[in-house]
Every structure is written in C-alpha cells, then in structure tokens.
Protein chains: 2
Amino acid sequence: MNEIGIFKGIDEQNVKYMLKCFQAKTISYKKDTTIISNLANTNIIGIIISGNANLIRNDYNGNRIVLEKLEKGSIFGEVFSSYSDELSVIATEDCSVITFDYEHIIKRCKKSCPHHNEVINNMLQILAKKVSVMNNRIDVLTKKTIREKLLEYFSIQEKENISKTFYLKLNYTELADYLGVDRSALMRELKNLKNEGFIETKLNKIKLLY
Amino acid sequence: MNEIGIFKGIDEQNVKYMLKCFQAKTISYKKDTTIISNLANTNIIGIIISGNANLIRNDYNGNRIVLEKLEKGSIFGEVFSSYSDELSVIATEDCSVITFDYEHIIKRCKKSCPHHNEVINNMLQILAKKVSVMNNRIDVLTKKTIREKLLEYFSIQEKENISKTFYLKLNYTELADYLGVDRSALMRELKNLKNEGFIETKLNKIKLLY
DNA sequence: AAATAGGTGTTGCATTTGCAACAATTTTAA
DNA sequence: TTAAAATTGTTGCAAATGCAACACCTATTT
C-alpha cells in the first residue's frame with residue numbers, strides 16, 4: 001500500500017488509519033464489469049489495488065475510446081475532469097479497488113491525521129507527473145509527419161529506458177491511436193524507417209540505429 | 001491578489017502574511033528581458049502580477065517555441081516539468097512578478113499559516129485545470145484531418161463561450177501551431193469550410209452555422 | 001479441435017497536406 | 001507619417017496520408 005502513489009512514504013499503520021478516516025471502501029470487481037460509470041460527475045477517487053482496468057470515454061457517436069490503462073497502483077478520478085462526454089472505468093481483469101471521496105484529501109479531517117500533508121504532497125506529485133506525461137504526448141502529436149512523430153516517440157522511450165533498445169508498451173494499433181495516425185500508414189512508415197536503416201524491429205522490440 | 005489562482009479566497013491580510021512566510025520576492029522586469037532561465041532545473045514558482053510574458057522552450061535546434069502565454073495571474077513553474085530542453089520565461093511587456101520556492105507550498109511552515117490548506121487546494125485546482133486544458137488540446141490534435149481538428153477546436157470554443165459566435169484568442173499563425181498543421185493548409189481548409197457554408201469568418205471572429 | 005476474434009503486415013488509389021513562394025493587408029516601430 | 005515587420009490570404013505541386021480491402025498470423029473462446 002505504501003508504494004502506491006497517493007500513500008507513498010506512509011507506513012502501513014497510518015495508511016489504514018487514514019483509509020478509515022477517509023471512509024474508503026474496498027470492492028472487488030469481475031472482469032468486464034463496470035467499476036464506476038459517469039466518473040466525470042462524481043468526486044470519487046479510486047485506486048486499483050490489484051488487476052487491470054481501462055478508463056473509457058464514451059464518445060458522442062457512441063464510440064468507446066480507451067483514455068488510460070489502469071494497473072495496480074493507478075489512480076483514477078484525481079481530476080474532476082471537464083469532460084462532457086461520459087467517462088467510465090471498466091475492469092479488464094478481475095480487480096480490487098479502493099474508493100473514497102475527493103473531499104477527504106483537501107479538507108483535512110478533525111482527527112488531523114499526521115500524514116495528511118504527505119498525501120497532499122503525493123497528490124501534487126501525481127498531477128505534476130500527469131502533466132508531464134501529457135506534455136510528452138502533445139510534443140509527439142504536434143509533429144507534422146508520421147516519421148517525425150515516431151522519432152519523437154522513440155526519443156522519449158530512449159530517454160525513459162536509458163537505452164537505444166526497448167520494448168513498446170503499446171501494440172501497433174494502440175500506437176497508431178496514440179500518435180493520432182492511421183495504422184496502415186504507421187506500418188508503412190515503420191517499414192520505411194527500417195529500409196533506410198534508421199531502426200530495427202522485431203515484434204514490439206525496437207532498436208534505434210542512430 | 002486574492003483573485004489570483006493560488007491565493008484565491010484568502011483575504012489580503014493573510015496573503016501578505018503568507019508571502020512573507022514564503023520569503024517571496026517581488027521583482028519588476030522590462031519588456032524583452034528574461035524573468036527566469038533554465039526554469040526546469042529550479043524549484044521556483046512564479047506569479048505574474050502585472051504585464052505579459054511567454055513561457056519559452058529552447059528546442060534542441062535552437063528554435064524558440066512559445067509553450068504558454070502568461071498574463072496577469074498566471075503561474076509558472078508549478079510543474080517541476082521533466083523537460084530536458086531549456087525552459088525560460090521572457091517578459092513580452094514590462095511586468096512585475098512574485099517568486100518563491102515550491103518547498104513552501106508542500107512543507108507547511110512552523111508558523112502554520114491558517115490558510116495554508118487553501119493554498120494547497122488552490123494548487124490542486126490549478127493543476128487539475130491544466131490537465132483539463134491539455135486534454136482539450138490532445139482531443140484536437142488526435143483528429144486526423146485539419147477539418148476535424150478545426151471543428152473540434154471550434155466546438156470547444158463554442159462550449160467555453162456558450163455561443164456559436166466567438167473571437168479567436170490565437171491568431172492564425174498561432175492556431176496552426178496549436179493544431180500542429182501548416183498555416184497555409186489551415187487557411188485553405190478554413191476557406192473550404194466557408195465555401196461549404198459551415199462557418200462565417202471576419203478576421204478573428206468565427207460564426208458557426210451548424 | 002475448431003471457430004472466432006484481434007492484431008500484424010501489405011498495397012493501390014484518391015485525397016489531404018506540407019512546402020515554397022508570393023501578394024495583400026494590418027500592425028508596430030521609428 | 002513612413003518604413004519595417006508581422007500577419008493574412010492564395011496557389012501549384014510534390015509528397016505524405018487515410019481509407020479500404022485483404023491475407024496472414026496468433027491468441028482466446030467454445
């Protein structure tokens with residue numbers, strides 16, 4: 001529990017205490033069930049304790065778009081997001097989830113839990129991290145050609161992995177979505193990059209040759 | 001002062017008290033001077049009190065990109081951003097700026113200023129707002145064609161202005177950058193939308209006809 | 001084991017886009 | 001007020017991209 005973002009650095013004992021204070025609920029969900037619907041209109045914060053889930057946006061056309069993949073330790077609902085579209089969280093595996101009201105974070109409780117400050121600090125860190133991740137994506141998306149987008153994306157992966165060889169965390173269909181381009185066009189450009197000797201690929205393994 | 005994001009809702013008296021406690025400095029800068037350089041490697045938070053400035057990224061090629069336009073009340077440095085490129089803040093007008101160390105926000109002072117909680121809450125709100133703004137941009141950028149990007153952008157403006165008629169806050173050169181497209185191609189698509197009767201434009205005034 | 005679904009890889013073709021270059025207009029500075 | 005700079009508006013053309021369609025392969029489900 002205390003490796004998890006929001007409670008990072010707080011000892012087990014105190015985490016339990018705070019969760020009680022926050023009136024947090026732990027609930028288990030079966031695969032493919034809805035953990036929470038209409039997330040944008042709630043003040044709920046959720047933490048995935050085990051299993052995986054997806055944060056989904058139901059487009060105005062009824063299209064379902066995966067906004068975020070949530071895994072153990074992921075937090076959702078930390079941003080009372082201004083989406084007018086419906087957001088929901090769906091279990092992609094059996095999973096276990098803690099939820100509590102966002103109010104408990106900002107309004108400090110009467111008991112004044114000794115580690116409340118740390119929770120808030122962690123919360124700021126998490127949001128800042130989120131901004132940073134989104135900045136990366138915007139950097140990639142603003143590149144004009146698929147080639148430039150790919151190279152920017154690779155450069156970020158290279159930095160994160162501190163290596164010119166790394167494994168993609170997204171499959172190619174997802175990568176195309178992430179880059180905002182057509183999948184077949186992505187594959188084509190990937191092939192070009194290979195033919196011109198910029199990269200080597202083997203399934204989801206990428207090696208940069210420059 | 002107490003309309004400004006981070007001190008919103010706190011009375012003048014207490015704001016002054018906190019600024020002292022935060023060891024905040026107020027400095028004036030002439031137009032085109034550097035307010036802070038290498039922002040990414042500091043823990044400084046700045047607030048623009050008067051005038052305008054730009055948050056600039058110095059690209060690896062030496063290109064200067066405007067990341068954010070800062071105006072009265074704007075905050076910079078709130079995210080210890082993970083940019084490896086150099087960030088700096090440049091005055092685009094004479095301006096006056098308050099700066100203090102980020103530490104003061106998270107580590108509460110010994111005097112335990114009575115409104116420290118509100119500052120933190122405001123800080124969370126600001127970051128959340130930032131995430132929401134970035135989400136909007138990502139939504140626009142992931143659209144595949146210039147037309148779709150424009151329509152998504154217009155739709156966001158329409159919501160924000162609660163009106164089908166509004167004035168663009170960006171000029172067309174900036175809008176092209178924002179959308180990540182070529183400016184001339186943007187103008188062309190704008191003309192198409194006009195010819196097909198979707199919109200009317202008059203300089204930076206847009207009227208949606210659908 | 002067979003059937004189904006999901007992801008990968010490829011291609012032709014029409015469309016969209018970026019690029020370059022320039023004129024016209026507006027804004028800003030001298 | 002004039003000159004200079006910035007922004008808007010246009011166009012031809014080559015290049016990049018999306019789209020559709022299909023084959024192939026690999027998981028997952030029945």
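We use all heavy atoms of the structure for the numbers below, so side chains are in, but hydrogens, waters and symmetry mates are not. Chain naming here is simple, since letters A, B, ... match the order of the sequence lines and numbering starts at 1 in each. Just so you know, these numbers come straight off a predicted model, no measurement behind them.
Within 4.0 Å (heavy atoms only), Lys31(B) reaches sugar-phosphate atoms of the nucleic acid but no base atom. Within 4.0 Å (heavy atoms only), Arg147(B) reaches no atom of the nucleic acid at all. Residue contacts for Ile146(B): at a heavy-atom cut-off of 4.0 Å it reaches the sugar-phosphate backbone alone, with no base atom in range.
In this structure, Arg137(A) is positioned above the aromatic face of Tyr178(A), its NZ or CZ under 6.0 Å from the six-membered ring centre and within 45° of the axis.
For residues 166-176 of chain A, proximity to DNA chain C is found at Asn171(A), Tyr172(A), Thr173(A), defined as any non-hydrogen atom under 4.0 angstrom from a strand atom.
Taking the charged nitrogens against the carboxylate oxygens, Asp94(A) and Lys31(A) have no contact shorter than 4.0 Å, which rules out a salt bridge. For Lys149(A) and Glu189(A), the salt-bridge test fails: no basic side-chain N is under 4.0 Å from an acidic carboxylate O.
Taking every heavy atom of both residues into account, Asp182(A) and Lys144(B) meet most closely at N-CE, 3.5 Å. Nearest heavy-atom pair across Val119(A) and Ile105(A) is CG1-CD1, 3.9 Å.
Taking the six-membered ring for Trp and thresholds of 30 and 60 degrees, Tyr210(A) and Phe198(A) have ring planes more than 60 degrees apart, a perpendicular arrangement.
Closest approach to the Arg188(B) side chain among dG9(D), dT29(D), dG12(D) is made by dG12(D) (side chain taken as heavy atoms from C-beta onward).
Between the C1' atom of dC19(D) and the NZ atom of Lys144(B) lies a distance of 10 Å, rounded to the nearest Å.
In summary, contact between chain A and DNA chain C, defined as any nucleotide atom under 4.0 Å from a heavy atom of the protein, begins and ends at dG7(C) to dC19(C) in the 5' to 3' direction.
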